[in-house]
Amino acid sequence: MTQHTPAQVPAKPERPGLYGGKSSRRITVRDIAAAKRRGEKWPMLTAYDAMTASVFDEAGIPVMLVGDSMGNTALGYESTVPVTLEQMTMLSAAVVRGTSRALIVGDLPFGTFQEGPTQALRSATHLVKEAGVGAVKLEGGERSADQVRLLVESGIPVMAHVGLTPQSVHAFGGHPVQGRGEEAAAQLLRDAKAVQDAGAFAVVLELVTAELAAEVTRSLYIPTVGIGSGADCDAQVLVWTDMAGMTDWPGGRTPRFIKQYGQLRTALGDAARAFAEDVVGGAYPAEEHSFH
């Protein structure tokens, strides 16, 4: 019987899956396309700083979105509309520096691509060059197809976003579920196919009825990323502060589509109070925390 020395033992093949897989390189849009062909579901989270991003990278999260949701979560705005390209660039660069495996997608904020393809290319190029993101995301279906096309032709991968588009919150008049009714459903399907045809490598479906999201997912050869859009999307994304129980929802009413996987707001508050009580009571710093 042949005995293998340690050097001769065949290495185990790397796990092909996106989530938790091992890789010596960053995930790319080609890996995302391969996952769609395999029928593999995968998770995506938002991230806005290097430390949080490093935790998610170590946890095996394959794709992170530096979303303009930073306006609500990190910058204290009431909506995503005030977020600037400079703010997006700074936080995206931090997330890139904090990770080594995940594909980092940077959002194009409101006002940085709506004028047309040339403005979109200028903004996306800045985000790629200055922050080092691997792809950009922009909102809109048919109305943004020309922007998507020019970016992809210029070598910048694009994740599209249809359904509820938060940058258009004033036009929507709130956060209604999208795709109800034949006309609305047909338009959403046209929007998704338009960005696919323009070259997007994936499309976010936000607050779309589960039935329509399933139909869109079956109709596209690029993956769909659902948020509040049912279980049939190829991937699922959550804002990380919602996922981890950090968000303080008005009246304590967490939106229906969010599942909390932790209670970090409670844990962080408990830690802060414990620290404060030790300081006030003289228990911190103790002798072991002091230098002589």
Side-chain angles (χ1 to χ4, degrees), residues 29 44 46 63 65-72 79-85 88 92 105-128 133 135-154 156-181 183-209 212-213 215-217 219-229 233-235 237 239:
V29 296
M44 180 168 84
T46 65
V63 184
L65 170 66
V66 189
D68 58 7
S69 49
M70 69 170 68
N72 308 98
S79 75
T80 64
V81 173
V83 174
T84 67
L85 184 61
M88 182 62 62
S92 295
V105 182
D107 240 340
L108 291 184
F110 180 74
T112 65
F113 64 92
Q114 282 85 356
E115 290 180 12
T118 300
Q119 185 199 29
L121 179 59
R122 186 185 309 116
S123 301
T125 299
H126 179 84
L127 198 53
V128 170
V133 299
V136 300
K137 182 176 79 67
L138 60 80
E139 294 185 3
E142 288 183 324
R143 61 184 168 87
S144 298
D146 288 343
Q147 285 92 322
V148 173
R149 185 172 294 105
L150 179 59
L151 265 57
V152 173
E153 289 175 351
S154 301
I156 300 176
V158 177
M159 176 180 284
H161 185 156
V162 302
L164 180 71
T165 47
Q167 291 173 13
S168 303
V169 64
H170 298 306
F172 280 116
H175 297 83
V177 175
Q178 304 295 298
R180 287 177 170 160
E183 183 177 346
Q187 181 60 58
L188 195 141
L189 185 56
R190 287 196 298 271
D191 284 335
K193 288 185 175 179
V195 293
Q196 172 183 261
D197 294 344
F201 73 89
V203 58
V204 174
L205 305 179
E206 182 164 358
L207 281 186
V208 175
T209 64
L212 179 56
E215 180 182 352
V216 172
T217 300
S219 300
L220 300 185
Y221 57 78
I222 63 173
T224 58
V225 183
I227 178 167
S229 298
C233 295
D234 297 295
V237 61
V239 171

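Index from 1, following the sequence.
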Peer 1: In Å, rounded to the nearest 0.5 Å, how long is the span from OG1 of Thr118 to CG of Leu150?
Peer 2: 6.5 Å
Peer 1: Please evaluate residues Glu215 and Leu189 with respect to the criterion side chain to side chain contact (heavy atoms under 4.5 Å, CB included), reporting the C-alpha separation (whole Å), side-chain torsions for both, the decisive distance (0.1 Å), and the verdict.
Peer 2: CA-CA 8 Å; Glu215 180 182 352; Leu189 185 56; 3.8 Å; yes
Peer 1: Shortest non-hydrogen contact from Gln114 to Gln147?
Peer 2: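 Shortest heavy-atom contact: O-NE2, 4.1 Å.
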Peer 1: Indicate the atoms forming the closest heavy-atom contact of Phe201 with Met159, along with that distance.
Peer 2: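 Phe201 and Met159 have their closest heavy atoms at CE2-N, 3.6 Å.
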Peer 1: Keeping the roles fixed (side chain from Glu183, backbone from Gly181), state whether a donor-acceptor pair exists under 3.5 Å.
Peer 2: no
Peer 1: Hey, are the side chains of Val152 and Pro157 touching, using non-hydrogen atoms and a 4.5 Å cut-off?
Peer 2: no
Peer 1: Report yes if some heavy atom in the side chain of Val225 is under 4.5 Å from a heavy atom in the side chain of Cys233; otherwise report no.
Peer 2: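 In short, these two side chains do not touch, never coming nearer than 4.5 Å.
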Peer 1: To the nearest 0.5 Å, how far apart are CG in Leu108 and CD in Gln119?
Peer 2: 9.0 Å
Peer 1: Between Ser154 and Ile156 (side chain of the first, backbone of the second, donor and acceptor by atom type, cut-off under 3.5 Å), is there such a pair?
Peer 2: no
Peer 1: How about Glu139 and Ser144: do any of their side-chain heavy atoms sit closer than 4.5 Å?
Peer 2: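 A side-chain contact is absent here, since even the closest heavy-atom pair is not under 4.5 Å.
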Peer 1: Using a 4.5 Å cut-off on heavy atoms from C-beta on, say whether the side chain of Val105 contacts that of Val133.
Peer 2: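 Sidechains of Val105 and Val133: no contact.
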Peer 1: Between Val162 and Leu205, is any pair of side-chain heavy atoms under 4.5 Å apart?
Peer 2: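 Yes, at least one pair of side-chain atoms sits under 4.5 Å.
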Peer 1: Working to the nearest 0.5 angstrom, can you tell me the gap between Leu207 CG and Gln178 CD?
Peer 2: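 Rounded to the nearest 0.5 Å, the CG-CD separation comes out at 7.5 Å.
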Peer 1: Where do Ala124 and Leu151 come nearest, in terms of heavy atoms and distance?
Peer 2: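 Smallest interatomic distance, heavy atoms only, reads CB-CD2, 3.6 Å.
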Peer 1: Verify whether one side chain among Thr224 and Thr217 offers a donor that lies under 3.5 Å from an acceptor in the other.
Peer 2: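 Side chains of Thr224 and Thr217: pair found under 3.5 Å.
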Peer 1: Which atom pair, heavy atoms only, marks the closest approach of Gly106 to Ser92?
Peer 2: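 That would be CA-OG, 4.3 Å.
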Peer 1: For Arg180, does the CZ atom sit with more than 12 other heavy atoms under 6.0 Å from it, leaving out its own atoms?
Peer 2: no
Peer 1: How close do Leu188 and Gly163 get, heavy atom to heavy atom, and via which atoms?
Peer 2: CD1-CA, 3.7 Å
Peer 1: Does either side chain, that of Glu142 or that of Gln187, offer a donor lying less than 3.5 Å from an acceptor on the other one?
Peer 2: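 Yes.
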Peer 1: Considering non-hydrogen atoms only, spot the tightest contact between Val177 and Val208 and give its length.
Peer 2: CG1-C, 4.4 Å
Peer 1: Less than 4.5 Å apart, any side-chain heavy atom of Leu85 and any of His126?
Peer 2: yes
Peer 1: Quick one: CE on Met44 to CD1 on Ile227, what's the gap to the nearest 0.5 Å?
Peer 2: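 Spacing of CE (Met44) from CD1 (Ile227) equals 8.0 Å.
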Peer 1: So do the side chains of Lys137 and Val204 get within less than 4.5 Å of each other, counting heavy atoms only?
Peer 2: yes
Peer 1: Rounded to the nearest 0.5 Å, what separation is found between the OG1 atom of Thr112 and the CG atom of Leu138?
Peer 2: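 One finds 8.0 Å between OG1 of Thr112 and CG of Leu138.
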Peer 1: For the atom pair CZ (Arg122) and CG (Leu127), what is the distance rounded to the nearest 0.5 Å?
Peer 2: 14.5 Å
Peer 1: So do the side chains of Met88 and Asp107 get within less than 4.5 Å of each other, counting heavy atoms only?
Peer 2: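 Yes - at least one pair of side-chain heavy atoms lies under 4.5 Å apart.
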